[in-house]
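The structure appears right after this line, and notes come after that.
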Amino acid sequence: MNAGEIGALQEIIDRSRRIVFFGGAGVSTASGIPDFRSADGLFAEETDGLSPEMILSRSFFYLQPERFFAYYRKHLLYPEAKPNAAHRKLYELERADRLRGIVTQNVDGLHKAAGNIRVYELHGNVHENHCMDCNAAYPMETVLNAEGIPRCRDCGGVIKPDVTLYGEPLEKYVCIGAIREITNADTLIIAGTSLAVEPAASFISHFRGKHLVILNRDPLTAEEQAELVIHGDVAEIMDRITVR
Ligand SMILES: [Zn+2]
């Protein structure tokens, strides 16, 4: 990240009226939330060599719910996490009527916590949980503080997080909304995601606007499509933008 790159991003933002921000794990690392996928090798022993994708799958949830929840509590729930500079700047951009929407792969709910209204959470949100039998709603704390499998206090049913597990389809209305925003955007900022995980790549193919920007810590393969690429921490980059 250098001053010239920040200047170029500032200029694009100043000229845009319908920005869509498409974000992944790298948007939340400055809030202390690591990418659970990067935990792969690190926790191999604890998980008998099972990958995060296997544990956080629909079939594992039904077959071994106790192990699912142990892993889920440890690697997906961060009750102390607060919105960082990237979340705050996006809230300012929405208030200034420049940002049309945020499409996120993150389940931490930090964009909504920062105050943004038009947030499309492709993989759900850990703060929303429901009893599988009577549909009663529960906050994250109920899942976090339960011993073993969290149970409904009314009917004893299993409480399932509203998080899309591997092997489950994405919520249709969220996808439709996200694709509509991307299709109508004049600028698309892709941040903190490898673009390797579907549906990211197919969502981005709907973009018809002028400015495609990539903000990411590491280089990506799809970079040649972008007008501007900045390597660095997403929160640090966004922090240097002025909303006017
Ligand atoms: Zn219930």
Side-chain angles (χ1 to χ4, degrees), residues 23-25 27-28 31-37 39-40 43 46-48 50-83 87 91 101-181 197-200 203:
V27 177
S28 291
S31 294
I33 302 177
D35 182 357
F36 68 82
R37 280 178 222 92
D40 208 330
F43 299 99
E46 165 203 336
T47 58
D48 295 335
L50 294 176
S51 68
E53 285 82 357
M54 287 160 96
I55 296 171
L56 297 170
S57 70
R58 178 185 169 82
S59 50
F60 197 83
F61 174 85
Y62 285 99
L63 290 169
Q64 303 209 40
E66 235 165 284
R67 287 184 69 194
F68 169 88
F69 277 108
Y71 185 91
Y72 176 85
R73 273 191 283 266
K74 190 165 175 186
H75 298 293
L76 269 84
L77 300 186
Y78 293 87
E80 307 298 324
K82 300 270 186 300
H87 301 102
Y91 173 61
I102 297 170
V103 182
T104 183
Q105 296 170 298
N106 298 342
V107 295
D108 51 45
L110 290 178
H111 289 296
K112 285 182 177 169
N116 279 87
I117 306 288
R118 289 187 298 272
V119 184
Y120 300 88
E121 293 170 320
L122 295 179
H123 299 154
N125 183 331
V126 295
H127 294 279
E128 289 158 24
N129 304 273
H130 287 90
C131 169
M132 293 173 75
D133 291 338
C134 76
N135 210 35
Y138 287 93
M140 176 177 79
E141 286 67 29
T142 306
V143 176
L144 187 66
N145 298 328
E147 298 215 4
I149 301 165
R151 297 262 177 199
C152 177
R153 86 173 78 78
D154 297 331
C155 79
V158 174
I159 298 171
K160 189 171 186 284
D162 293 0
V163 165
T164 308
L165 303 177
Y166 289 92
E168 287 181 335
L170 303 185
E171 288 284 354
K172 204 173 166 188
Y173 69 94
V174 178
C175 292
I176 291 170
I179 289 171
R180 189 187 58 221
E181 298 293 10
V197 186
E198 280 295 344
F203 270 71

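One-based numbering, in listed order, for ligands and for the atoms of each.
- For F61 and F69, the ring centers are positioned less than 6.0 Å apart.
- Judged by distance alone, with hydrogens and angles left aside, the side-chain atoms of N116 form no donor-acceptor pair with the main-chain N or O of K112 at under 3.5 Å.
- Donor-acceptor pairing under 3.5 Å is lacking for the side chains of H123 and N106.
- With sequence neighbours left out, H127 forms a side-chain hydrogen bond (donor to acceptor under 3.5 Å, both in side chains) with no residue at all.
- By the criterion of a separation under 2.8 Å, the protein N/O/S atoms near the Zn ion (ligand 1) amount to C131 SG, C134 SG, C152 SG, C155 SG.
- Taking 4.0 Å as the cut-off between side-chain N and carboxylate O, K160 and E128 do not count as a salt-bridged pair.
- Side-chain atoms of E121 and N125 form a donor-acceptor pair, as typed in the model, at a separation below 3.5 Å.
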